[in-house]
Protein chains: 4
Amino acid sequence: MSTSHPRRGNTRQRIQDVALELFSEQGYEKTSLREIAEKLEVTKAALYYHFKTKEDIVISLFEDLRGPIDTLIAWGELQPRTLGTKQELIRRYSDSLRDAAPLFRFMQENQATVRDLAIGDTFKERMHTLFDLLREPEAELTDQVRCITALFSIHAGMFAMQNVAGDPEEKRRAILEVATELVTAANPPSHRRPARPDSAQTASS
Amino acid sequence: MSTSHPRRGNTRQRIQDVALELFSEQGYEKTSLREIAEKLEVTKAALYYHFKTKEDIVISLFEDLRGPIDTLIAWGELQPRTLGTKQELIRRYSDSLRDAAPLFRFMQENQATVRDLAIGDTFKERMHTLFDLLREPEAELTDQVRCITALFSIHAGMFAMQNVAGDPEEKRRAILEVATELVTAANPPSHRRPARPDSAQTASS
Amino acid sequence: MSTSHPRRGNTRQRIQDVALELFSEQGYEKTSLREIAEKLEVTKAALYYHFKTKEDIVISLFEDLRGPIDTLIAWGELQPRTLGTKQELIRRYSDSLRDAAPLFRFMQENQATVRDLAIGDTFKERMHTLFDLLREPEAELTDQVRCITALFSIHAGMFAMQNVAGDPEEKRRAILEVATELVTAANPPSHRRPARPDSAQTASS
Amino acid sequence: MSTSHPRRGNTRQRIQDVALELFSEQGYEKTSLREIAEKLEVTKAALYYHFKTKEDIVISLFEDLRGPIDTLIAWGELQPRTLGTKQELIRRYSDSLRDAAPLFRFMQENQATVRDLAIGDTFKERMHTLFDLLREPEAELTDQVRCITALFSIHAGMFAMQNVAGDPEEKRRAILEVATELVTAANPPSHRRPARPDSAQTASS
DNA sequence: AATGAATGAGGGTTCATTCAT
DNA sequence: CATGAATGAACCCTCATTCAT
């Protein structure tokens with residue numbers, strides 16, 4: 001019985017899956033509830049049984065991310081503000097996003113939409129907190145840029161590199177390496193030997 | 001007479017201005033032609049006198065960018081593939097974009113939309129060509145990432161840093177510096193001392 | 001309850017009825033969906049719940065005809081190609097159309113529209129097949145004309161005779177008689193006794 | 001000067017030509033003034049210099065027909081109501097239409113449109129008068145049908161036979177022959193031998 | 001847990017038409 | 001003789017949403 005008709009209590013989940021797929025493929029506005037419903041072979045009205053509005057679907061998608069990131073931030077705030085912490089921070093961040101690639105693609109490609117989606121502010125704020133954990137407020141402008149770029153490369157890197165050959169996981173590691181390098185460069189050893197602004201300490205050690 | 005009836009030859013331009021403003025503020029899909037028309041105090045139909053379709057307005061906006069970028073690419077292809085060329089390339093690129101900030105914000109925040117806007121492919125291609133001018137095909141994956149990140153930081157940096165205090169032009173220069181640093185690191189001196197490809201040559205000298 | 005809220009299962013049918021009425025009265029292009037909707041006291045959107053497009057409404061109208069005509073053609077193709085068959089063919093054809101008068105009026109008066117309505121080709125083809133069942137390919141040109149005229153008179157006759165007094169059913173029979181006469185004349189008794197169906201003296205001399 | 005720029009005083013004529021071509025090809029409603037203007041490489045506004053409205057263009061097209069037909073009717077009304085007159089009447093009618101084929105195609109295929117185009121009534125009336133000249137009011141219903149069919153076959157025949165092979169002029173003559181035959185049959189010799197109303201007297205007697 | 005039927009608002013687009021120049 | 005610029009009305013269509021069943 002349960003096997004012949006595979007849709008049971010999982011409809012909510014299936015809606016989320018299809019929605020995320022379509023949102024990230026075509027964009028939020030270009031994806032209509034009709035389309036989602038059709039792909040699921042249910043009625044539009046069925047979607048409304050599970051979600052109050054279209055926006056609610058998106059919100060529910062982001063909820064999966066919120067947990068991990070909040071955890072990450074909480075962790076970060078308890079650590080000492082050392083370079084090591086920062087490096088670990090972005091390592092963990094990159095980790096968190098690995099599974100959430102489609103959602104991030106969606107966020108990345110629909111910023112204009114996400115911006116006024118209420119959830120947008122929430123995330124912007126999270127990003128800002130993360131950014132604050134990475135940078136030194138008093139640091140040079142370039143260092144601030146390095147931190148932001150590090151964060152950004154983690155977000156956007158995967159999609160930007162779709163045309164570049166290579167195993168996804170390898171790519172992610174490469175991106176992480178560069179991001180780490182940037183964070184490292186942005187946090188010069190206040191008392192390390194003045195020299196080296198360089199990079200990629202991670203790998204060498 | 002000429003003041004009372006504002007029918008001057010500038011309508012097309014005014015449409016572009018308002019459209020770009022609204023597109024980049026609210027997103028492409030969320031901006032209706034009615035809205036644009038109202039802000040201009042003309043009829044929707046007037047827009048259609050000047051542009052064949054909504055998409056056509058966007059296309060016309062992008063056309064302003066095409067020239068400069070094509071020129072840049074043409075220049076790049078004539079130069080020797082040295083580090084100096086590459087550094088100059090992104091310097092010029094950053095320059096080109098300075099005036100086109102709103103358009104780039106639009107592009108950045110409406111990727112999902114731009115993607116299937118036909119003009120999207122054109123630009124993706126341009127990006128790719130630029131990318132090819134920066135990277136060495138045989139280089140390590142991390143170096144490829146550095147190049148892409150450099151390009152990206154120029155695109156997205158300005159908007160990402162809206163919350164960071166500072167003069168826009170100073171920010172731009174900071175971003176350029178980091179981007180240059182990344183490109184430099186990505187193109188290790190084949191014959192420089194074998195050791196560490198350290199970066200930020202620009203600033204230090 | 002059922003009377004106060006007329007939401008019954010008949011809306012689709014009602015749309016077809018009203019649409020046919022208006023299409024045949026005013027023409028396809030001159031009839032807007034708004035008009036149809038208003039006459040039905042529903043929203044335009046309601047029409048779209050039942051039909052994918054305006055053209056789809058027309059198609060659905062024609063579908064009622066397709067069956068009978070296809071049946072007729074199928075029958076015709078199984079019969080021997082005798083004069084009797086042909087006479088019976090147009091008798092049955094005239095019968096089929098009796099109930100479809102408004103639809104045929106529509107077709108007759110909106111040929112330019114129907115032509116590029118996709119359904120147009122379908123019907124043209126059916127007409128051609130019918131025509132082929134009536135005529136002898138090797139026959140004189142005048143005989144071909146007789147056959148086509150027979151078919152046409154059945155189509156157009158009713159509308160052409162709206163100003164002529166008389167009971168509709170009587171008119172139909174009169175038209176059928178003339179059409180039969182034409183088909184008969186077009187299929188001269190290769191070797192029938194010389195007597196009868198006059199006409200076409202021209203050829204014989 | 002006049003040769004290099006071939007449009008001089010003939011613009012009005014050229015508008016009519018193009019309009020008729022497009023109207024009869026695509027239908028009246030489907031043909032926009034923009035389209036006509038584009039094909040002529042003038043502005044829409046230019047059309048309005050020559051014609052007050054879209055409908056005016058159609059009216060002007062029909063004006064070319066009015067003369068010949070009115071002449072024909074005037075002639076017919078002066079003749080004795082003999083079979084010979086009637087035969088001659090449709091012969092002349094067929095002649096008149098020969099040159100006006102596209103216009104008649106337009107009329108034939110856009111009846112719904114023509115109907116409420118004001119000119120429509122005018123033509124309907126003409127048709128009716130012609131019909132009255134052909135038929136005997138007291139005659140049998142079938143005879144009325146014969147007359148109407150005769151008239152109709154002249155109108156519609158050419159287009160209906162587009163798929164039938166043959167020289168256009170030959171087709172026209174064949175149609176005329178059948179039409180004559182019908183009119184002949186519809187006007188039985190009150191005092192000819194009572195028997196069978198055979199037709200096609202034209203050629204014989 | 002889901003559907004069938006419908007709505008209201010709005011989308012982009014096209015049209016015939018006008019009028020100052 | 002013709003254009004450039006614009007309008008107002010209408011068009012077909014799609015959307016997110018609702019609600020009785």
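Everything numeric in this text was worked out from a predicted model, so none of it was measured. Just so we're on the same page: letters track the sequence lines, and every chain starts at 1.
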Rounded to the nearest Å, what distance is computed from the CG atom of residue Asn10(B) to the C1' atom of nucleotide dA6(F)?
14 Å

So is Lys54(C) actually on top of Phe23(C)'s ring, under 6.0 Å and inside 45° of the axis?
no

Minimum side-chain heavy-atom gap Asp116(C)-Lys30(D) below 4.5 Å
yes

Would you please name every residue forming a side-chain contact (heavy atoms from CB on, under 4.5 Å) with Gln16(C), sequence neighbours left out?
Arg12(C), Gln13(C), Phe51(C), Ser60(C), Leu61(C)

What I want to find out is whether Lys39(C) reaches Glu35(C) closely enough, with some N-O distance under 4.0 Å, to be called a salt bridge.
no

With a 4.5 Å cut-off on side-chain heavy atoms, are Leu103(A) and Met107(A) touching?
no

Which whole-number value in Å describes the distance from Lys54(D) NZ to dT18(E) C1'?
17 Å

Hey, could you give me the OG1/CG distance between Thr53(A) and Asp56(A), rounded to the nearest 0.5 Å?
4.0 Å

In whole angstroms, how far is the P atom of dA10(F) from the CD1 atom of Ile36(C)?
17 Å

Among Phe123(A), Phe104(A), Phe106(A), which one satisfies ring pair (Phe, Tyr, Trp, His ring centres under 6.0 Å) with His155(A)?
Phe104(A)

Just N and O in the side chain of Thr11(B): are any of them under 4.0 Å from OP1 or OP2 of dA6(F)?
yes

Paired and unpaired positions of DNA chain E as dot-bracket, Watson-Crick or G-U wobble under 3.5 Å, | denoting a partner strand:
.||||||||||||||||||||

Note: Gln111(A) and Gln108(B) closest approach over all heavy atoms is NE2-O, 3.4 Å

Nearest-Å distance for atom pair CD/P, residues Glu55(B) and dG11(E)
18 Å

Figure out the CG/C1' separation between Asp56(C) and dT14(F), and round it to whole Å.
15 Å

How close or far is atom C1' of dA5(F) from atom CG of Leu40(B), stated in whole angstroms?
14 Å

To the nearest Å, how far apart are Glu38(B) CD and dG11(E) C1'?
14 Å

Please list, chain by chain and in numerical order, all residues satisfying side-chain contact (heavy atoms from CB on, under 4.5 Å) with Tyr49(D), sequence neighbours excluded.
none

What distance do Ile57(C) atom CD1 and Leu20(C) atom CG have between them, rounded to the nearest 0.5 Å?
11.0 Å

Under the ring-ring contact (aromatic ring centres under 6.0 Å, His included) test, residues paired with His50(A) that sit two or more places apart:
none

Of residues 26-35 of chain C, the positions that come close to DNA chain E - non-hydrogen atoms, cut-off under 4.0 Å:
none

Strand-adjacent residues in residues 44-53 of chain A, judged by heavy atoms under 4.0 Å from DNA chain F:
Lys44(A), Ala45(A), Tyr48(A), Thr53(A)

